[in-house]
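Here, residue 1 is the first one in the sequence, and each next residue gets the next number. Values in this document were obtained by computation on a predicted structure and should not be read as measured data.
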Amino acid sequence: MRSRLAFAAVLLLGTGLLGGCATTVHLEPAADANNPLCADVIVSLQNINTLAGQDRRWTDAQATAAWGAEDSAILLTCGLDEPAPTAELQCVTLEGVDWLVDASETPYVRLTTYGREPAVQMYIDTGAVSSNDVISNRGIVGAVTSIPADGKCTSPDELPEDYDPEAGN
C-alpha cells in the first residue's frame with residue numbers, strides 16, 4: 001500500500017514538473033476564429049514542429065499557433081477581418097502571398113495577409129528570427145494559401161482614383 005502511495009506521489013510530482021516546462025501561450029482568438037477556413041489553416045500547421053529554429057508551443061485560443069521560448073518569437077492568428085486597402089503599410093508579396101507589414105513595434109513586426117478572407121496575422125520577434133524565414137516557410141505558405149486569394153496588393157500610387165481611406169473602399 002505504501003509503495004502505491006509513493007508511486008502516486010511521484011507520478012503527480014512528475015506530471016507537475018513536466019507541465020511546468022511546457023507552458024501554454026495565452027492568446028485571444030480573432031472574431032472569425034471559428035471560420036472553417038481557419039480550421040484548414042491550423043490543421044495544415046500540425047506538422048510544423050519547428051519554425052525558423054523555434055519549437056512549437058501550445059496555445060489556448062482557437063485558430064492560433066505559436067513557436068519560440070518563453071516569450072514566443074512567432075505568433076499566428078487566423079480569423080481577422082480582411083484589411084482594407086492602405087497606403088500607410090508596406091505590402092510585400094512572398095511565395096504568392098501578399099502581406100501588409102506593420103513595423104511600428106520594432107523589433108516586433110506584424111504581418112497580415114492581404115486579399116484573403118479571413119485574414120491570417122503573424123506577430124514576429126525579428127530580434128529572434130527573420131520574418132522572411134517565417135513567411136517563406138513551405139508549411140506557412142501552404143497553410144495560408146489554403147484560404148483563396150480574392151485580391152492583391154497594389155503600390156500606393158496604384159490605388160484607385162476614387163479610393164477614400166475614410167470609407168475604406
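- Cluster membership check: L51 shares its hydrophobic cluster with L45, using side-chain heavy-atom separations under 4.5 Å among Ile, Leu, Val, Met, Phe, Trp and Tyr.
- Residue pairs meeting the disulfide (SG to SG under 2.5 Å) criterion with at least one partner in residues 59-95, sequence neighbours excluded, are C38-C78, C91-C153.
- Remark: P107 engages D125, T126 in a side-chain contact (heavy atoms from CB on, under 4.5 Å) (not counting sequence neighbours).
- A continuous path of Ile, Leu, Val, Met, Phe, Trp and Tyr side chains, each step under 4.5 Å between heavy atoms, connects V129 with M122, placing both in one hydrophobic cluster.
- Considering T93, T113, T154 in turn, T93 is the only one that fulfils the side chain to side chain donor-acceptor pair (under 3.5 Å) rule with D98.
- You'll find the side chain of T112 stays beyond 4.5 Å of the side chain of V120, heavy atoms only.
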Donor-acceptor pairs are to be reported for all side-chain atoms of residues 133-145 against protein atoms at under 3.5 Å, with residues two or more places apart or in another chain.
{"unit_1": "S136", "atom_1": "OG", "unit_2": "N132", "atom_2": "O", "d": "2.6"}
{"unit_1": "N137", "atom_1": "OD1", "unit_2": "G139", "atom_2": "N", "d": "2.7"}
{"unit_1": "N137", "atom_1": "OD1", "unit_2": "I140", "atom_2": "N", "d": "3.1"}
{"unit_1": "T145", "atom_1": "OG1", "unit_2": "V141", "atom_2": "O", "d": "2.8"}
{"unit_1": "T145", "atom_1": "OG1", "unit_2": "G142", "atom_2": "O", "d": "3.3"}

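- The distance from atom OG1 of T24 to atom CZ of R57, rounded to the nearest 0.5 Å, is 8.0 Å.
- Linking ILVMFWY side-chain heavy atoms closer than 4.5 Å, directly or via other members, places I48 and I74 in a single hydrophobic cluster.
- Residues satisfying the side-chain contact (heavy atoms from CB on, under 4.5 Å) criterion with A30, sequence neighbours excluded, are T77, L80.
- In the hydrophobic clustering, where aliphatic and aromatic side chains (Ile, Leu, Val, Met, Phe, Trp, Tyr) are joined below 4.5 Å either directly or transitively, V43 stands alone.
- Listed by first and then second residue, the salt bridge (Lys or Arg N to Asp or Glu O under 4.0 Å) pairs that reach into residues 29-56 come to none, sequence neighbours excluded.
- Using a 4.5 Å cut-off on side-chain heavy atoms (C-beta onward), V41 and I147 make contact.
- Taking each heavy atom of P83 and Y114 in turn, the nearest pair found is O-CE1, 3.4 Å.
- Screening residues 92-130 for disulfide (SG to SG under 2.5 Å), with sequence neighbours left out, gives no hits.
- With sequence neighbours left out, the side-chain hydrogen bond (donor to acceptor under 3.5 Å, both in side chains) criterion links E82 to no other residue.
- When the side chains of ILVMFWY residues are joined at heavy-atom separations under 4.5 Å, either directly or via intervening members, L27 and I42 end up in two distinct hydrophobic clusters.
- Atom CG of residue L100 and atom OG1 of residue T86 lie 7.0 Å apart, to the nearest 0.5 angstrom.
- Within the structure, ring pair (Phe, Tyr, Trp, His ring centres under 6.0 Å) contacts touching residues 75-110 (residues at least two apart or in different chains) are Y108-Y123.
- Residues satisfying the side-chain hydrogen bond (donor to acceptor under 3.5 Å, both in side chains) test with S131, not counting sequence neighbours, are none.
- Sorted by first and then second residue, the pairs that involve residues 103-117 and meet salt bridge (Lys or Arg N to Asp or Glu O under 4.0 Å), not counting sequence neighbours, are E105-R110.
- Counting all heavy atoms, side chain and backbone alike, S72 lies closest to L75 at CB-CD2, 3.6 Å.
- Smallest separation of non-hydrogen atoms from E28 and A61: C-CB, 4.0 Å.
- In the hydrophobic cluster analysis, where Ile, Leu, Val, Met, Phe, Trp and Tyr join through side-chain heavy atoms closer than 4.5 angstrom, L89 is grouped apart from V92.
- The CG atom of N35 sits 10.0 Å away from the CD atom of Q62 when rounded to the nearest 0.5 Å.
- Residue pairs satisfying the ring pair (Phe, Tyr, Trp, His ring centres under 6.0 Å) criterion with at least one member in residues 124-152, sequence neighbours excluded, are absent.
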